[in-house]
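Reading through the structure tokens given below for one structure.
Every chain is numbered from 1 and lettered A, B, ... according to where its sequence line falls, protein lines coming before strand lines.
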Protein chains: 2
Amino acid sequence: MTFKLDEFLPYRLSVAAAQISRRFASIYAAEAGLTIPEWRVLAHLAQSAEVSVRDIQARVNLDKSMVSRAATQLEEEGYVSKSGHGTDRRLIVLQLTPKGIALMQRLAPLAEQFQQQILTELGPDAEALARALDRLAQKNA
Amino acid sequence: MTFKLDEFLPYRLSVAAAQISRRFASIYAAEAGLTIPEWRVLAHLAQSAEVSVRDIQARVNLDKSMVSRAATQLEEEGYVSKSGHGTDRRLIVLQLTPKGIALMQRLAPLAEQFQQQILTELGPDAEALARALDRLAQKNA
DNA sequence: CTCATACCGTTGCATATGCAACGAATGTGC
DNA sequence: GCACATTCGTTGCATATGCAACGGTATGAG
């Protein structure tokens, strides 16, 4: 039996990602009581202004039901507003409220700081990791 | 608002890992009807001979309840045997049955082939990615 | 020896997740 | 203009997941 799980790339990638997600999740959970899907939707809106549920779903690798529920939750908490699209009434336009913008301004530095810490841990291989993730994202598009 | 989710490392790592896991999961699901925890337990036993639930839990970043359920399922399917530990009767010794070994001999080449495909997609950055994952694993130990 | 404490694996339970179906709306072929 | 297929977001539901508590066992202090 020659197979070594410890040397299997998909496995190691999965473990590393889960651990890092968990570490960071504890940060924004403590700071704002957000779940992972909520954080992603919020952060995506911060970079994309006005988007539909479908736009987020496509980019974030999150089921649309999850995006929908996260958006509803964020709306109830006052961070996000939902409005109808002008010409296509199937679409919903999501955007941050002032309160949502304020929250992101509080969270962005924490995210930046966390990322910086990871980059430091990675050292010289950080750049190659970034390129590798780009390649994987493209191949799975 | 300057935060860019697309450039946020934890997020990109998580998306990439989820996509790859999903791709590979479809392979062993089709081949043997295994779930992700089952695959991990099986693969871990393939490299570690006799281990307890706790050993697996510690290495695989999987809740012990999940390991326990996966082990029970694998036992029912005849891939794994459970036996009592000689001196410490709290422990359970898990090991592959001949049927389990045969299954791993069938799956290992598929895993190898899949990994090879990923490495090809990654190109020259594959090595750096491996080193980066090593560093992350150490930091989170 | 005895009691308190810690550990192991299992199980119950509340929550999270993903798939499928649905109503509403739009687009398409004829 | 009209059926028919497709898309959007929501919701129902079955399953997966993670935490906490439990019974059983071992360990350590006194």
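- Considering only side-chain N and O atoms, A/R89 lies under 4.0 angstrom from the phosphate OP1 or OP2 of C/dT26.
- For the OP1/OP2 pair of D/dG9 and a distance below 4.0 Å, the side-chain nitrogens and oxygens of A/S68 include no atom meeting the criterion.
- Remark on DNA chain C: of its neighbouring residues A/P37 and B/D88, the 5'-side contact belongs to B/D88, judged by nearest-heavy-atom nucleotide.
- The pair B/R90-B/D88 meets the salt-bridge criterion, with a side-chain N (NZ, NE, NH1 or NH2) lying under 4.0 Å from an Asp/Glu carboxylate O.
- Taking every side-chain heavy atom of B/S65 into account, D/dG18 is the closest of D/dG18, C/dC19, C/dT17.
- Using a 4.0 Å cut-off, no side-chain N or O of A/K82 falls inside it from OP1 or OP2 of D/dC8.
- A salt bridge does not link B/E76 to B/K99: none of the charged nitrogens lies less than 4.0 Å from a carboxylate oxygen.
- In this structure, the CD1 atom of A/I36 is 7 Å from the P atom of C/dT17, given to the nearest Å.
- Ion pairing between a basic and an acidic side chain is recognised when a charged N comes within 4.0 Å of a carboxylate O; A/R23 and A/E121 show such pairing.
- Of the candidates C/dC19, D/dC19, C/dT10, D/dC19 carries the atom nearest the A/R22 side chain, counting heavy atoms from C-beta on.
- For A/D63, whose side chain is taken as the heavy atoms from C-beta onward, the closest listed nucleotide among C/dA21, C/dC19, C/dT10 is C/dC19.
- Under a 4.0 Å N-O distance rule, the pair A/D6/A/R12 does not qualify as a salt bridge.
- Remark: the A/R69 side chain and the C/dG18 base include a donor-acceptor N/O pair separated by less than 3.5 Å.
- Between the C1' atom of D/dG23 and the CG atom of B/L91 lies a distance of 16 Å, rounded to the nearest Å.
- Atoms CE (A/M66) and P (D/dC13) sit 17 Å apart, rounded to a whole Å.
- For D/dT7, the base has a donor-acceptor partner in the side chain of A/R90 [N/O atoms by modelled type, under 3.5 angstrom].
- Contacts of B/T35 with the nucleic acid, taken as non-hydrogen atoms under 4.0 Å apart, are absent.
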